[in-house]
Every structure is written in C-alpha cells, then in structure tokens.
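Below: the structure, in structure tokens.
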Protein chains: 2
Amino acid sequence: MTEQKDYKIAAVDRALALLEALADRPEQGVTSLAKSLGMTKSLVFRLLHTLEERGFVSRDPERAEYSLGYRVGVLGERLGKDGALLYAARPVMDDLRDRTSENINLVVREGLKSYVLATRAGRHSIRLFAQAGRNGPLHAGGGSLLLLAFAEPSVVDAALAQPLEAFTPHTVTDRTRLRQMLERIRANGYNIVVNDLDEGAFSVAAPIRGADGSVIASISVAGAVVRFDEERREAYLKAALEAAAEISERLSIHGPGESGRMKSTA
Amino acid sequence: MTEQKDYKIAAVDRALALLEALADRPEQGVTSLAKSLGMTKSLVFRLLHTLEERGFVSRDPERAEYSLGYRVGVLGERLGKDGALLYAARPVMDDLRDRTSENINLVVREGLKSYVLATRAGRHSIRLFAQAGRNGPLHAGGGSLLLLAFAEPSVVDAALAQPLEAFTPHTVTDRTRLRQMLERIRANGYNIVVNDLDEGAFSVAAPIRGADGSVIASISVAGAVVRFDEERREAYLKAALEAAAEISERLSIHGPGESGRMKSTA
DNA sequence: AAACGATGTTTCACAGAATAAAACATTGCG
DNA sequence: CGCAATGTTTTATTCTGTGAAACATCGTTT
C-alpha cells in the first residue's frame, strides 16, 4: 500500500458517493442514505441540498425522497454512449498495451459494420487494418466477429445476407461455417482468429458488456502471427478477458470495486 | 433578496460547477478552467483529482486536458432520457398548475402514439383523457398535435396513413385539414385546441426542446371550456410558453440561468 | 542553443467551512 | 392519543478546504 499523494477533497468525494448511491437505488430518504453510507443525517441533508440546487438530485416534494436529477441526464447525454465507453476503456487499454506490447483495439458495431473507437500501438511496428474512426466488416477480424456473435439474430441474418468479401485466402466466407464460428464464440466467451482480415496477423478479442449486461464492444490484442506462440496465446487471452471485465465493471451501475486501481507506471 | 437558509456546501458546489464547465466545453486544462470559473489553479487541480478518482472526469494523459468522465455517462443512462425530462419538468409543472389552477400535462411521442409522462391536477374537478402512463393518439389533443407538428416528415406521413379516430364530433380527421393545422402549429410555435379529444375541454400546448434544439415533449394547460374566455386564453398561452422555455433551458447544456428560481410557496 | 513564458504540480499555513451531535418539527402508525 | 421514525435546524469544534507562492516541465521564441 504505497500511500500515494492524496489530493482528494472529502466533501466532494462524499457528494459523488451520494450520487452513486442514488444511481444504485433511487427514491431514497435522508436516513436511509446516511445509514448506508456511514454519514450523519445532517451531512447527507446538506449534500443533497447542494446537489439539488444544481439539479443533480431531484426531490419528490411529497415524500421527501431523492433521486438523480435531470442535470445528470443532460451531462450524460452530452458525453454520449461512445464517450462513456471510450473514457472507461482508455486507462485499461494503456495497461493492456503495456502488458502485451501488442496493438490494442476497441471496436463497436455500427449497423452492419464494425467501427474502431480507439487503438493503442504496440512496440512492434506492424500495419494492421484497425485504425481509429475506421469502419470495417463484421464477418472478419477478431473483435468484429465477436460483436456479430453477440448481436441479435436479426442483425446476424442481415449481415450474412450481404456479399462476404474475402480479405485474405483465410477469410471465412462460407455462411454455414461462419454460423458455427459464431456459435463457438458465444460458447467460449472470447474469439481468437488468425490471418482472416490482415495477412500475417492474429487477434484475441473479449466482450465488453454495458450496464444492462449486453455486449456493447470488444477489446482485442492484435499483432504479428510470427510472435504468436502457445504461451502468448494464453497470456493474451487472459489479459484481454481481464481488461474486458474491468471495463465492463466500470460501466456497470455499481462501478469499479476497490481492486481496480490501475496506474500505468510505465 | 430574501436570504433563504443556505445549506450549500461550497466545495461540492464548486465541483459541480467544474462538471458543468467541462460539459459546456470539453478538453480544457487546469489554467483555462481556473480562469473561467474564478478559482485558483490549485483548487481546480484538487477538484479534478477528486472527480477523476471516481471517473466523473477523464484526463487525457498526454495533453493533460480534462473532459467529462465515463461515470457521468453511466449515471445519465441510468436516469434515462424521460427521467431527465420528468425531473426537470416537475417543479415547473407545479408552478404552472399553481398559476393557472388548471390541469397540466407533460406529453412525449412514442412511435405513432403520444405518451403522458406526468400530470398535475387543477383545482376544478374535471375528468380528462390525460393520465400519467397513458398512450393516446397523435392526431387529437393539444399536446399530441403539437408533437406531431414538430416530428419528422416520415412520422407525419406514417401517422396520417393510419385510420384517424374521431373522439368527438369536433375531432379533425380530414388529412388535408390536419396538415394545414400542423403547418399553423409550426408557424405559431404553440397549439390551442377545443373539444377535439375530450368533449367540453380546451388545451393550450407549448413545445419543449432538448439540448439539441429539437422538440422532445409538450407541456399543456387543459380544462373545461366553460371557463375558457379570451383573457384566460392569453394568460394560459403565456404561462405555457414560459414553462416550456424554462424546462427547455434546464435541458440545455448551459443549464438554467440565475433567473429561474422557482419556489412554489402555495 | 538559451531563455522565456505558460502550464501543470506540489507545498504549506491559516481561516473558515465542513462536520457530528443533539435538539426540534413533522409525519405516520399503532 | 401517543409513540416511533424521519426530515430539518442549530451550534460548537475541529479539521479541511483554500489561496499564495514555489517548483517542475514543456513548448516556443529569439
């Protein structure tokens, strides 16, 4: 436990804890909140007043019960869904890159295409398909296939109804085999592909889940196949799954536990 | 200036002001924020640290610039879009009810139906169609028609392609006349109807706009036609427009100005 | 290349603000 | 009708938030 400098200002931290508690369970009263947070009633009362004045908390005047206020919604909308994902993923991606020294990709689905939200460049120089802001196919690439595997059936049907381009000789374009692959990905909870989108490249992808538990993005470790031995395969898979779990936890209502203290001390 | 009890706790209020500033303009540095908010650099630095630890603020590690963090998105999503609107509207609806003594309705569009988000009962007892949680038509009722008027053309076409029920002898079901009415509503920026959904009732509706400026809801004053003279017509229209503007302002990025201090001292 | 200027980070001492405890008010329930 | 639980207000004390200023780091200019 290295006591790193603590600039935290207690009053603000407590106010934020209050907001989290109200997000976790709305319609709470002063006493209930005070008890569950280990604060005194008067403190909670003052905090709520402050938050309410700015619309971050809303009081039902009849029942004197509090919930999150409209300003939280306005600011959240401003950030956008991708924004939340992106910022939650950022430090985790940095960490994953440092651990693996490979390229890291954060990919979401956009209709029948994949979309690269962010990347981290590994230490080894290799040109891959993935590039932030770029649209790609859904039927090839580690992250893309994983997204397709966890998409609604109607999306899968629509995606497979399109012409399926072969990006390399190894790209799977046979629809029956593709459906089998998707089934396997769902069963495994991850996806590993080799040479299917970029010649000479591998990709190890894990699913990121939103607050409601549905898969909303994939994070993947990608690099040159020549460095991809059995040992790395295991290590990268473990790292990718952990990273995905960490991001998913951040995006859940309960938020990250006390364990996830990532400081990339490169 | 009646100095009402000030329970506001300064540190928290400043932190919230910081969040608002970052929502208004992301990617700001410490100095810029300190200057625009009239705080010292060290204070802003500490506030940002506290906010960052909880994910309410996100720092670009390279450029040392801050934006809203992912937690804001998670909490905002939890509230939902209707939640933000509902909580922003609540005190305004109370105020509008107190001013007019009539029924107040907050209505949104849900596909090709209207949906009553919330109501306030006036002092005079009158049974109206509107009831919280209820779906209604789009082609009749003050608020519903206004929502239709400001909907995308494809929605209007789809709504008018349906069979149009006549709820009273005064309900307009002629499609050409309806389109003329919608045109008028758009031009006026409000809508007043009589007897078209509830026999013997009037409705004065004004548009509520979201952060992006599009019309997302309507607020309306409704009551018995027998009390609806010219003087009240003017007064209700003014009150409804003001209420709609107030709610819209709350939902905008900049938030409510210092003017809007509503305390319903009934 | 050296010096400057701007920015982010850290330190520190003090004022005043946040806090806990307890009294008070209000509401609902038995 | 009284009891119990909750929200609100007050107050005294302490500790924390705060501003000023020093320091570090970076990019730019001369």
Side-chain angles (χ1 to χ4, degrees), chain A residues 2-19 21-22 25-54 56-67 69 90-91 94 263-266, chain B residues 2-19 21-22 25-54 56-69 90-91 263-266:
Chain A
T2 49
E3 285 277 333
Q4 70 177 56
K5 290 288 157 48
D6 194 23
Y7 289 125
K8 186 160 51 188
I9 124 178
V12 173
D13 196 60
R14 285 178 166 131
L16 299 181
L18 240 180
L19 285 180
L22 283 176
R25 193 145 55 85
E27 306 275 301
Q28 291 198 72
V30 173
T31 307
S32 154
L33 285 165
K35 213 170 296 179
S36 67
L37 293 172
M39 305 178 186
T40 58
K41 282 195 300 177
S42 50
L43 174 55
V44 169
F45 183 74
R46 306 275 274 272
L47 288 171
L48 286 172
H49 251 266
T50 310
L51 290 165
E52 192 191 2
E53 275 213 351
R54 286 202 173 260
F56 282 74
V57 141
S58 169
R59 179 175 56 188
D60 185 330
E62 316 288 312
R63 308 192 297 147
E65 286 180 339
Y66 296 81
S67 303
R90 212 151 55 175
D94 289 336
K263 275 282 139 159
S264 34
T265 36
Chain B
T2 48
E3 285 278 334
Q4 70 177 58
K5 289 287 155 53
D6 193 24
Y7 290 125
K8 188 160 50 191
I9 123 178
V12 174
D13 197 59
R14 284 179 167 129
L16 299 180
L18 240 180
L19 285 180
L22 284 175
R25 192 147 52 88
E27 306 275 301
Q28 291 198 70
V30 174
T31 307
S32 152
L33 285 165
K35 212 170 297 178
S36 67
L37 293 173
M39 306 180 187
T40 59
K41 281 195 300 177
S42 50
L43 176 55
V44 170
F45 182 74
R46 306 274 274 275
L47 289 171
L48 286 171
H49 251 267
T50 310
L51 291 165
E52 192 192 2
E53 276 213 351
R54 286 200 174 261
F56 282 74
V57 141
S58 170
R59 179 175 56 189
D60 186 330
E62 316 288 311
R63 309 191 295 146
E65 287 181 339
Y66 296 81
S67 304
L68 289 185
R90 214 151 54 174
K263 275 284 140 155
S264 34
T265 36

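Keep in mind that this is a model prediction, so the values were computed, not measured.
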Contact list (N/O, under 3.5 angstrom) for nucleotides 25-27 of chain D vs protein:
none

Without decimals, in angstroms, what is the distance between [X] [atom1] and [N] [atom2]?
X: B:K35; N: C:dT7; atom1: NZ; atom2: C1'; answer: 10 Å
X: A:M39; N: C:dT19; atom1: CE; atom2: P; answer: 8 Å
X: A:F45; N: C:dA23; atom1: CZ; atom2: P; answer: 19 Å
X: B:K8; N: C:dA17; atom1: NZ; atom2: C1'; answer: 14 Å
X: A:E52; N: D:dG7; atom1: CD; atom2: P; answer: 13 Å
X: B:L48; N: C:dT9; atom1: CG; atom2: P; answer: 9 Å
X: A:D60; N: D:dT6; atom1: CG; atom2: P; answer: 17 Å
X: A:L47; N: D:dT8; atom1: CG; atom2: P; answer: 14 Å

Which heavy atom of [X] sits nearest a heavy atom of [Y], and at what distance?
X: A:F56; Y: B:L19; result: CE2-CD1, 4.2 Å
X: A:Y7; Y: B:T50; result: O-OG1, 3.9 Å
X: A:A11; Y: A:L47; result: O-CD2, 4.0 Å

What is the nucleic acid contact for B:S42, judged by heavy atoms within less than 4.0 Å: base, sugar-phosphate only, or nothing?
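Answer is base: heavy atoms of B:S42 come under 4.0 Å of a base.
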Mind checking B:T40 for me? I need base, sugar-phosphate or nothing, with any heavy atom below 4.0 Å counting as a touch.
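Base, at least one base atom sits under 4.0 Å.
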So B:L22 and B:L48, do their side chains get closer than 4.5 Å, heavy atoms only?
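SC-SC contact between B:L48 and B:L22 confirmed.
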Do B:E53 and A:L16 come close enough that some side-chain heavy atom pair is under 4.5 Å?
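A side-chain contact under 4.5 Å is absent here.
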Proximity to the side chain of [X] - top-ranked nucleotide from [options]:
X: B:L43; options: D:dG7, D:dT18, C:dA18; value: D:dT18
X: B:K41; options: C:dT7, D:dT9, C:dT19; value: C:dT7
X: B:Y66; options: D:dT8, C:dT9, D:dG17; value: C:dT9

On DNA chain D, compare the nucleotides closest to A:A10 and A:R46; which residue's is nearer the 5' end?
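Final value for this comparison: A:R46.
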Under 4.0 angstrom between B:Y7 side-chain N/O and D:dT9 OP1 or OP2:
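Answer is yes, contact under 4.0 Å.
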At less than 4.0 Å, is any side-chain N or O atom of B:R14 found next to OP1 or OP2 of D:dG17? Yes or no.
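For B:R14, the contact criterion (side-chain N or O under 4.0 Å from OP1 or OP2 of D:dG17) is not met.
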Let me have the donor-acceptor pairs involving side chains of residues 28-36 of chain B, under 3.5 Å, with sequence neighbours excluded, atom names and distances please.
residue : atom : partner : partner atom : Å
B:Q28   : OE1  : B:S32   : OG           : 2.7
B:Q28   : NE2  : B:A21   : O            : 3.3
B:Q28   : NE2  : B:R25   : O            : 2.9
B:S36   : OG   : B:S32   : O            : 3.3
B:S36   : OG   : B:L33   : O            : 3.3

Keeping A:S67 on the side-chain end and A:P26 on the backbone end, is there a donor-acceptor pair under 3.5 Å?
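It does not hold such a pair.
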